[in-house]
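Because the structure is predicted, anything quoted here is derived from the model rather than measured.
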Amino acid sequence: MSIQAAASDLLAAEKTKQPIKPLTVTSPAITVDEAYSIQLEQIRRKVGDGAIIVGKKIGATSKAIQQMFQVDQPDYGHLLDDMMFLDGDTLSLDRYLQPKVEFEIAFVLKKDLKGPNVSILDVVDATDYIVPAIEVIDSRIENWNIKFEDTVADNGSSAGAILGGNPTSLENIDLTNIGMVVYKNGEYFDSAAGAAVLGNPLRAVAWLANSLAKYDVWLKAGEVVLSGALTAAVAAEHNDSFTAEFAHIGSVSVSFKSQNEAGDNQ
């Protein structure tokens, strides 16, 4: 397994919109550590080309997502400045290979969180505010035929994030019971509560901070942390629109069009 070659293959797939075979097929002996090394090599190259790391995402925190992608533990990826969009934006499907959307709670930090001994109370202390978020996930692996090491190497299948709602302090907010209702194309689609994310989204952020420590990476003040999807991911197709409404913290929306109809928010 060549870390450099695998990183190059995934970056090429993202650029050309031509997915590759699963790394777990072409390199069956790939380890989780190698997969994270491939992720970090891609991020290193992108930052070298001018991208800015603005946060992290946690994936596969809910049973719905773990069952959907047949994984049994969370993963994480990096968020870059060119992946961030505004509430209500219309995104071009031509940016992606096979996009899906997830609905979650985003944390914005005011202090660094560096593992390995980060607690839930540390997360509360380090959080500036929370907002509702829609994450766009995408796989550079053909047909989403992924195992855990594939999605890890592929930057946690990260592709974009839309932040909305009202910046809200954690004070007096019970994240385990915070409710969410999702609408697709104006009609009810799904619902869940915060407890779907490792029992509490705060626990997911603490897990992330502690997991990052192994690779000498940490969560920094000002960064956005997507704490994990409350429900299963859903494919995003032409003319689709999605709105997630959360109790206490507001709503977030995004729409998708083909490139020639997407307007300026591509």
Less than 3.5 Å apart, any donor N or O on the side chain of Thr151 or Ser157 sitting next to an acceptor on the other?
yes
Check whether any side-chain N or O of Asn200 sits under 3.5 Å from a backbone N or O of Thr176 as a donor-acceptor pair, and report yes or no.
no
For a quick test of your reading: what N or O donor-acceptor pairs under 3.5 Å do the side chains of residues 107-115 make, sequence neighbours left out?
| unit_1 | atom_1 | unit_2 | atom_2 | d |
| --- | --- | --- | --- | --- |
| Lys111 | NZ | Asp125 | OD1 | 3.4 |
| Lys111 | NZ | Asp125 | OD2 | 2.8 |
| Asp112 | OD1 | Ala221 | N | 2.8 |

When you measure from the side chain of Gln42 to the backbone N and O of Ala6, does any donor-acceptor pair fall under 3.5 Å?
no
Are the side chains of Asn210 and Val118 in touch, meaning some heavy atoms are under 4.5 Å apart?
yes
Sub-4.5 Å side-chain heavy-atom contact between Val123 and Val225
no
Are any of the side-chain heavy atoms of Ile146 and Asp154 separated by less than 4.5 Å?
no
To check you understand the geometry: which heavy-atom pair defines the closest contact between Ala213 and Pro116, and what is its length?
CB-N, 3.9 Å
Flag side-chain contact, heavy atom, 4.5 Å: Val47 against Ile53
yes
Give the cluster check for Leu11 versus Leu80: same hydrophobic cluster or not, with ILVMFWY residues linked at side-chain heavy-atom distances below 4.5 Å.
no
Please find the pair of heavy atoms, one from Gly156 and one from Asp75, that lie closest to each other, and give the distance.
CA-OD1, 4.4 Å
Test: ring pair (Phe, Tyr, Trp, His ring centres under 6.0 Å). Region: residues 3-25. Which pairs qualify, not counting sequence neighbours?
none
Considering all heavy atoms of both residues, which atom of Gln98 and which atom of Asp138 are nearest to each other, and what is their separation?
N-OD1, 2.7 Å
Mind jotting down which residue pairs meet the salt bridge (Lys or Arg N to Asp or Glu O under 4.0 Å) criterion with at least one end in residues 222-232? Sequence neighbours excluded, please.
Lys56-Glu223
Of all the heavy-atom pairs spanning Ala204 and Ser227, show the shortest one and how long it is.
CB-O, 3.4 Å
Looking at CZ of Arg95 and CZ of Phe256, how far apart are the two atoms once the value is rounded to the nearest 0.5 Å?
10.5 Å
May I ask you to test the Thr31-Glu149 pair for a side-chain heavy-atom distance under 4.5 Å?
no
Please tabulate, for side-chain N and O atoms in residues 180-188, each donor-acceptor pair with protein atoms closer than 3.5 Å (sequence neighbours left out).
| unit_1 | atom_1 | unit_2 | atom_2 | d |
| --- | --- | --- | --- | --- |
| Asn185 | OD1 | Ser241 | N | 2.7 |
| Asn185 | ND2 | Asp240 | OD1 | 3.1 |
| Tyr188 | OH | Ser191 | OG | 3.0 |

Does the side chain of Ser119 come under 3.5 Å of the side chain of Asp122 through a donor N or O and an acceptor N or O?
yes
List for me each residue that meets salt bridge (charged side-chain N to carboxylate O under 4.0 Å, His left out) alongside Asp190, sequence neighbours excluded, and say none if there are none.
none
ILVMFWY network linking Val124 to Tyr129, side-chain heavy atoms under 4.5 angstrom:
no
Tell me the closest heavy-atom pair linking Ser92 and Ser258, and the distance in Å.
OG-C, 4.3 Å
So, using side chain to side chain donor-acceptor pair (under 3.5 Å) as the criterion, who are the partners of Lys220 when residues are at least two apart?
none
Anything under 3.5 Å between a donor and an acceptor, one on a side chain of residues 160-170, the other on a protein residue two or more places apart or in another chain? List them.
| unit_1 | atom_1 | unit_2 | atom_2 | d |
| --- | --- | --- | --- | --- |
| Thr168 | OG1 | Asn166 | O | 2.6 |
| Ser169 | OG | Glu171 | N | 3.0 |

So, do Val136 and Phe85 sit near enough that their side-chain heavy atoms are less than 4.5 Å apart?
no
Sidechain-backbone polar pair: Trp207 side chain, Ile58 backbone, donor-acceptor under 3.5 Å
no
Using side chain to side chain donor-acceptor pair (under 3.5 Å) as the criterion, list what pairs up with Glu41, not counting sequence neighbours.
Arg44, Arg45
Roughly how far apart are Phe148 CZ and Ile30 CD1, rounded to 0.5 Å?
11.0 Å
With a 4.5 Å cut-off on side-chain heavy-atom distances among I, L, V, M, F, W and Y, is there a chain of contacts connecting Val25 to Val152?
no
Got a donor-acceptor contact below 3.5 angstrom from the Asp87 side chain to the Ser253 backbone?
yes
Sequence neighbours excluded - ring pair (Phe, Tyr, Trp, His ring centres under 6.0 Å) pairs with any residue from residues 18-44:
Tyr36-Tyr76, Tyr36-Tyr215
State which residues pass side chain to side chain donor-acceptor pair (under 3.5 Å) with Thr16; sequence neighbours excluded, sorted by chain then number.
none
Do Thr26 and Ile20 have side chains that get closer than 4.5 Å, going by heavy atoms?
no
Glu34 CD to Gln39 CD distance, which is reported to the nearest 0.5 Å:
14.5 Å
Applying salt bridge (Lys or Arg N to Asp or Glu O under 4.0 Å), which residue pairs with at least one partner in residues 7-27 are found, sequence neighbours left out?
Glu14-Lys46, Lys21-Glu142
Any side-chain heavy atom of Thr231 within less than 4.5 Å of one from Phe189?
no
Would Thr127 and Val205 count as a side chain to side chain contact (heavy atoms under 4.5 Å, CB included) if you check the C-alpha gap in whole Å, the side-chain angles of each, and the deciding distance to 0.1 Å?
CA-CA 10 Å; Thr127 299; Val205 178; over 6 Å; no
How would you list all residue pairs meeting salt bridge (Lys or Arg N to Asp or Glu O under 4.0 Å) that involve residues 126-135, not counting sequence neighbours?
Lys57-Glu135
Please tell me whether Leu230 and Phe242 are part of a single hydrophobic cluster in this structure, the criterion being side-chain heavy atoms less than 4.5 Å apart.
yes
Distance in Å, Gln18 CD paired with Leu97 CG, rounded so as to fall on 0.5 Å steps
7.5 Å
How long is the straight-line distance from CD1 of Ile178 back to CD1 of Ile105, given to the nearest 0.5 Å?
4.5 Å
Examine distances only and state if a side-chain atom of Asp150 and a backbone atom of Leu23 form a donor-acceptor pair shorter than 3.5 Å.
yes
How far does CG of Asn155 sit from CD1 of Ile43, to the nearest 0.5 angstrom?
4.0 Å
Do Val234 and Leu93 share a hydrophobic cluster, counting only Ile, Leu, Val, Met, Phe, Trp and Tyr and linking them when any side-chain heavy atoms are less than 4.5 Å apart?
yes
May I ask you to decide if Ile52's main-chain N or O and Asp81's side chain share a donor-acceptor pair within less than 3.5 Å?
yes
Between Asp33 and Lys214, is there a salt bridge with N-O shorter than 4.0 Å?
yes
Shortest non-hydrogen contact between Thr243 and Ser251, atoms and distance:
CG2-CB, 4.3 Å
Val224 vs Leu226, test: side chain to side chain contact (heavy atoms under 4.5 Å, CB included). Steps then yes/no.
CA-CA 7 Å; Val224 176; Leu226 301 182; 4.2 Å; yes
